[in-house]
Amino acid sequence: MSGIPQNNQEASAYMTQAEFQQISHTIPLAPGIYKYFDSGETLLYVGKAKSLRKRVGSYFSKTFTSYKTHELVQRIRRIEFTIVDSEQDAFLLENALIKQFAPRYNINLKDDKTYPYLVIKKEPFPRVFLTRTRISDGSEYLGPFTSVGKVRELLDFIRMTIPIRTCKLNLTETNISKGKFKVCLEYHLGNCKGPCEGLQSSEDYNVGLQQLKNLMKGNLAPVIQQFRTEQQQHARLMEFEKAAQIQKKIEYLENYQAKSVIVSRHLGNLDVFSILKDGDTAYVNYLMVQHGTIVQTHTIQLETHLDEEEDEVLAFAVGQLRESFNSLASEVIAPVALPDILEGLTVTIPKAGEKKKLLDLSIKNVNYFQEEIRRKKILHLEGRSDMEKKQVLYRLQEDLHLKEVPVHIECFDNSNFQGSFPVSAMVCFRDGLPSKKDYRHFNVKTVEGINDFATMKEVVFRRYKRLRDENTPLPQLVIIDGGKGQLGAAMESIRELDLTGKMTVVGLAKNEEEIFFPGDSESVKLPYNSESLKLIRRVRDEVHRFGITFHRNKRSKGTFRNELEDIKGIGKSTADQLLKTFRSVANVRQQSLEILTREIGQAKAKIVWDYFSNGTGETSENLQEKD
């Protein structure tokens, strides 16, 4: 490590350009990192360079620079540098120093959380448990993971499929041979194979640990194959009960795999990054893909201080995130070119195909993260003045050409569960803020089956008939979530109530966030980051949340009855089994008789298939009786 000492003969508190020129020739041309210190020996900035002399010299030779860079240069009193062998080494050292010292003018990673790991303890018959602390005792740590809840859920899932001990017994060979321990309830439940009594060898236990590691990495194929092999062995030995237990584990794994975000099994291991820069703030999303499955997703917020370019910020984030999540992927998917930050690392900017879809998904996540932060900030508007609160409403009035300021906004949304049980929700915003006392739920009364248009017509009619009859003020703006069709249905009710022109009613297309006015063929598209569209999104997101909560509460109280239970000869357990496998009544309806037979047996499958295939809701036997 070398340094350029402060000139004690100078009284200035910073290094002048003339002073730098006197010592610039002593700075090497080699790659490395440089540090800037102020007169109080506080570290201001750490940077990397292919050529230290050229890079450091650029700070003192610029005639025009940003205000922030100018402020930095005005504070520099001492420069220190470290020579390394390559630019990649410089990148790694820079990241390490920034993480250690957090200099004032460097990019600031706003992510100081400690994340949970799964630890495989170094001990006989290793335990597996959740921890936030890494200890150098030879134990193996899997992770880190961004959600404690998801890790616990995954750990519970693993324990249902792989017998791993949960006790804290000291299972040394000596203790086991002396018969110090007895099997517990976990053994009798089938969750443990009883190594404490010598009923399981360490070799067999380690097979389970390897399966666990594969599960954590999203590599389910070898685990499922191992179980199939064991199942076949039990079947050959006529041990059908054990074979059936393993079949259940295979089903658990296959269902888990179906819920996983599998992009492509051909992609292998990848790291996907996207960035969204907004002034001095940047957001970076990270998707970790292993064996073609997204196993981790995380978004961070960063603060920039020297007008760093997008690729500089992203390169910094890539280094930090790959280190934090112990990534070993040799390929990075990114939206922009990155410097040669790591030797042997391939950076791909996809234009089409599966990798482009991954990048688009990452971009969608980073945009959502930014929007969530903004939404939370807006939700704290209560402490601001009325005029400040109404600024966005004035803007919305202007953007949508409304006759009045929309101080009272209402929004409707329909939802259903498993292709059945339609309900609707309405939320109310006053002065740009939720007015929860005015929220309303609607149980649909007049509509048979799932008909979004008829449902929207009913609930809009019921809502505004009540307001009209009670002589209650109408909202200035009504948003119908769902686009042209639902908007047309809502307007039928508005016309029947003779309320046309007394409030503005618009439709909001679900996917494109387009706004439709009644009778217009062209939609209105507000700028993506406009305050008007942000408010509309907030209203829409709130009605979604409110409607989903209503649905969930009704389901938990048993208000909804599964349509499959109405089929004569089909009980609740069979109906639940079908829904668990096929996810909705609509999907059950589309299955072939062969697929249904594999799931619930020939007799019941025939009943279900007949019920849906004849289109009348009756089985073929019932029809024959009528004939």
>> Show me the pairs that pass ring pair (Phe, Tyr, Trp, His ring centres under 6.0 Å) and involve residues 461-502, at least two apart or across chains.
In response: Phe412-Tyr464
Partner residues of [X] under the side-chain hydrogen bond (donor to acceptor under 3.5 Å, both in side chains) criterion, sequence neighbours left out:
X	answer
Asp311	none
Ser362	Ser274, Asn285
Arg462	Glu458
Gln320	Asn95

For the pair [X] and [Y], find out whether any cationic side-chain nitrogen is under 4.0 Å from an anionic carboxylate oxygen.
X	Y	result
Glu398	Arg395	yes
Glu542	Arg538	no
Asp360	Lys356	yes

> For Val427 and Val539, which heavy atoms make the closest approach, and how far apart are they?
Replying inline: CG2-O, 3.9 Å
> Is Glu594 atom CD crowded by more than 12 heavy atoms from other residues, nucleotides or ligands, each under 6.0 Å away?
Replying inline: no
> Are Asp481 and His544 linked by a side-chain donor-acceptor pair shorter than 3.5 Å?
Replying inline: yes
> If you measure only the distance, is there a donor-acceptor pair under 3.5 Å linking the side chains of Asn414 and Thr455?
Replying inline: no
> Within a strict 4.5 Å, meaning less than it, do heavy atoms of the Asp399 and Pro527 side chains meet?
Replying inline: no
Which donor-acceptor pairs under 3.5 Å do the side chains of residues 491-501 make with protein atoms, sequence neighbours left out?
{"unit_1": "Glu492", "atom_1": "OE1", "unit_2": "Lys457", "atom_2": "NZ", "d": "3.1"}
{"unit_1": "Ser493", "atom_1": "OG", "unit_2": "Lys457", "atom_2": "O", "d": "2.6"}
{"unit_1": "Glu496", "atom_1": "OE2", "unit_2": "Lys457", "atom_2": "NZ", "d": "3.2"}

> Parallel, tilted or perpendicular: which fits the ring planes of Phe546 and Tyr439, with parallel below 30° and perpendicular above 60°?
Replying inline: perpendicular
